[in-house]
Amino acid sequence: MAIRDRLSGNEAVAVAMKQINPDVVAAFPITPSTEVPQYFSSFVSDGKVDTEFVPVESEHSAMSACIGAQAAGARTITATSANGLALMWEMLYIAASSRLPVTLAVVNRALSGPINIHNDHSDSMGARDSGWIQLYGETNQEAYDNLIQAIRIGEHPDVMLPVMCCYDGFITSHAVENIELVEDEKVKEFVGDYKPEHYLNNAANPVAMGPLDLQNHYFEHKRQQAEAMKNAKKVILEIAAEYEKLTGRKYGLFEEYKMDDAEVAVVVINSTAGTAKYVVDQLREKGVKAGLIKIRVYRPFPVEEIAAALSKCKAVAVMDKADSFNAAGGPLFTDITSALYGRVDGVKVINYIYGLGGRDVKTDDIEVVYNELLEIVKTGQVKSVYNYLGVRE
Amino acid sequence: MKKVFQRPEVLSDVVMHYCPGCTHGIIHRLVAEAIDELNIQDRLVGVASVGCSVFSYNYFECDMQQAAHGRAPAVATGIKRVHPNNIVFTYQGDGDLAAIGTAEMVHAAARGENITIIFVNNAIYGMTGGQMAPTTLLGQVTQTSPYGRNAETQGYPIKVCEMLATIEGTAYVERVSVDNVKNIMATKKAIKKAFQTQIDGKGFSLVEVLSTCPTNWGLSPVESLGWLRENMMPYYPLGIYKEK
């Protein structure tokens, strides 16, 4: 029987970590992710886990220590937000290219500057091309479920890549919701033991980790890394199917909400999906064929599947909780439009940058987006592609 | 015929990339000899730095991990926490340890990580072509201090051993030199003692080795040894700074 509980997102993730019982957690506090290692450290102090907990002096060292530990054959988890993730930047790429499946909970927060502690996605969006798999979760339940699945995804021999599990700061991390936890022994059985093929100080198989890799091999190694990211898509779905058998909860590359006959659709990431689903329901009651896609797997980006899911829509709004400052559109918008290019013709796609620095996004705001889409369907005209929602200007 | 001299087992049979007269080769050999004598090769893991010693994984016959610039003590922390019975060491220059990696070094020491650091101090950034380092002496001419390091604008050279001696977590800290045979023998003894400190589980150990950089100092190898004695030794006195 699943365990019914009520937990904040950070508590849920810390509980998932307790159940996973990793070998090493090296972490440094930063709002709003601080609670994750803090709750976890109490499990360490109470002897509920066997984890070596290393409170290091910076996020850079946290990721460095995770890389050292994972290379030494240990299952390793850490958590961070915003500038903490930025300080890890150098090490993110090294973890990915060394094919070390470190697991990282990213509690999304606006990246300085100006300094701001509230939620948007500018931190993890910046790390989207670091070679990490990126999973996003709308609720506490999804943050918990993603973290457990992340262990299996990253460690899969066809993948061997680090995994970021992202969820919204404060909105998801601190709000308490009902949650269904999996029993400890079932989580342990699901994640199994970490048995890397290569690790430091395996006398039978000596290795050098991450040595200089110049013109003769660097490119081949990056090519293998790209292939691992391609493999990840299939593996993510396999692990999700296995997890569904265990929990009854179904996960895919993205969630389709009332998309079967949708003429207008919004594509969104994380907690705003909850607000938008309410608006979809209201519009459906009025007979409007509205739908929603919520991205769960952003890296690898499911191009074919997204294109297929949006192919029957007349107008689509992509909502980005981060700007790209490329004078053309947000990161998700760029990815969605490039997924559609050459696969689907005739779908009008617009972009809204919203919620930066924790600006509240209400149902009224989402209604504005759907109304604009309906106007586009009615007139066949797109007034503006790259738009901002809820900003004073 | 009786064999009286041989390559240490843990030292690879390859040509090193170091410049003529550079003392890295001597220090590599001393580290290798210490490892052989302590018979710890089978449980040894090294962490390579960035700088001239970036290729140390080519020279030590043990598992090695490359760390990002300055981060070797943090990476070593991760390895040692997973394998507490293994012997984990880093081999870092002054650009790596005393500049970009100061935080990692100080905090690994503060946590009392049971690791060993071999710190090679030649008072200059070698690999990048002779720029001023935090360890560059006052008045010393480098590519970025062409009139000599000036305290008013460029501050003072960092004394790593003196700083670490104030930290409770350190178990053994000594500064040595490889400028002559007597000091080379003393360096070997210090490196061995540092590894023994780790073997005995006493905590953080660091050996700072005063070293030369003839190429970037613009001196011959012999002149460089003299410059080390006359300029570095007075500011960086040899000796044990901490021993628990």
Side-chain angles (χ1 to χ4, degrees), chain A residues 22-28 44 50-78 87-98 100 102 194 196 198-214, chain B residues 10 12 17 40-51 53-90 100-113 115 127 169:
Chain A
D23 301 305
V24 173
V25 169
F28 185 80
V44 175
D50 310 307
T51 308
E52 187 72 26
F53 180 73
V54 198
V56 285
E57 77 283 2
S58 73
E59 289 86 356
H60 199 292
S61 287
M63 189 48 68
S64 292
C66 285
I67 286 169
Q70 195 87 31
R75 181 178 276 159
T76 311
I77 304 180
T78 185
L87 191 58
M88 285 181 181
W89 227 260
E90 182 186 23
M91 309 313 298
L92 294 180
Y93 284 75
I94 291 170
S97 65
S98 304
L100 295 171
V102 176
Y194 179 46
H198 302 286
Y199 57 93
L200 290 171
N201 216 53
N202 172 5
N205 191 358
V207 289
M209 288 275 181
L212 199 70
D213 195 16
L214 298 177
Chain B
V10 81
S12 307
H17 71 285
I40 50 176
Q41 184 176 353
D42 289 346
R43 53 184 180 128
L44 186 71
V45 180
V47 183
S49 65
V50 170
S53 57
V54 66
F55 288 122
S56 59
Y57 47 77
N58 286 340
Y59 308 138
F60 294 113
E61 291 285 344
C62 64
D63 278 6
M64 296 284 294
Q65 182 167 14
Q66 173 71 56
H69 202 185
R71 321 307 176 183
V75 174
T77 297
I79 298 168
K80 185 68 180 184
R81 293 286 185 117
V82 176
H83 297 308
N85 295 324
N86 286 142
I87 304 304
V88 181
F89 77 103
T90 75
I100 193 168
T102 310
E104 280 76 2
M105 171 262 295
V106 168
H107 285 277
R111 292 192 300 269
E113 298 294 346
I115 59 173
M127 189 189 67

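Residue numbers begin at 1 in each chain, while the letters A, B, ... track the order of the sequences. Values in this document were obtained by computation on a predicted structure and should not be read as measured data.
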Checking [X] against chain B: side chain, backbone, both or neither under 4.5 Å from a heavy atom?
{"X": "A/Met63", "value": "neither"}
{"X": "A/Glu57", "value": "both"}
{"X": "A/Ala208", "value": "both"}
{"X": "A/Phe53", "value": "backbone"}

Return the option, out of B/Asn86, B/Thr77, B/Val106, with the maximum number of heavy-atom pairs under 4.5 Å with chain A.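 The answer is B/Asn86.
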
For chain A, find which of B/Glu113, B/Lys80, B/Gln66 contributes the most heavy-atom pairs closer than 4.5 angstrom. B/Gln66

What is the minimum heavy-atom distance between A/Ala72 and B/His83, and which atoms define it? O-NE2, 2.7 Å

Minimum-distance pair of heavy atoms, taken over all atoms of B/Arg111 and A/Pro55: CD-O, 4.1 Å

A/Met209 and B/Val75: side chain to side chain contact (heavy atoms under 4.5 Å, CB included), yes or no, with the steps? CA-CA 11 Å; A/Met209 288 275 181; B/Val75 174; over 6 Å; no

With a 4.5 angstrom heavy-atom cut-off, which part of B/Glu61 approaches chain A: side chain, backbone, both or neither? neither

Contacting moiety of B/Arg81, where chain A heavy atoms sit under 4.5 Å: both

Sub-4.5 Å side-chain heavy-atom contact between B/Val82 and A/Val24: yes

Please step through side chain to side chain contact (heavy atoms under 4.5 Å, CB included) for the pair A/Val207 and B/Gln65, ending with a clear verdict. CA-CA 8 Å; A/Val207 289; B/Gln65 182 167 14; over 6 Å; no

Given A/Leu200 and B/Met64, is the side chain to side chain contact (heavy atoms under 4.5 Å, CB included) satisfied, shown in steps? CA-CA 7 Å; A/Leu200 290 171; B/Met64 296 284 294; over 6 Å; no

Do other residues, nucleotides or ligands put more than 12 heavy atoms under 6.0 Å from the CG atom of B/Asp42? no

Could you walk me through whether B/Tyr57 and A/Leu212 pass the side chain to side chain contact (heavy atoms under 4.5 Å, CB included) test, one step at a time? CA-CA 10 Å; B/Tyr57 47 77; A/Leu212 199 70; 3.0 Å; yes

Before giving the answer on side-chain hydrogen bond (donor to acceptor under 3.5 Å, both in side chains), spell out for B/Asp63 and A/Asn201 the whole-Å C-alpha distance, their side-chain angles and the decisive distance to 0.1 Å. CA-CA 6 Å; B/Asp63 278 6; A/Asn201 216 53; over 6 Å; no

B/Arg71 CZ to A/Ser58 OG distance, which is reported to the nearest 0.5 Å: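 That separation rounds to 7.0 Å.
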
Spacing of CD belonging to A/Gln70 relative to CD1 belonging to B/Ile79, to within rounding of 0.5 Å: 12.0 Å

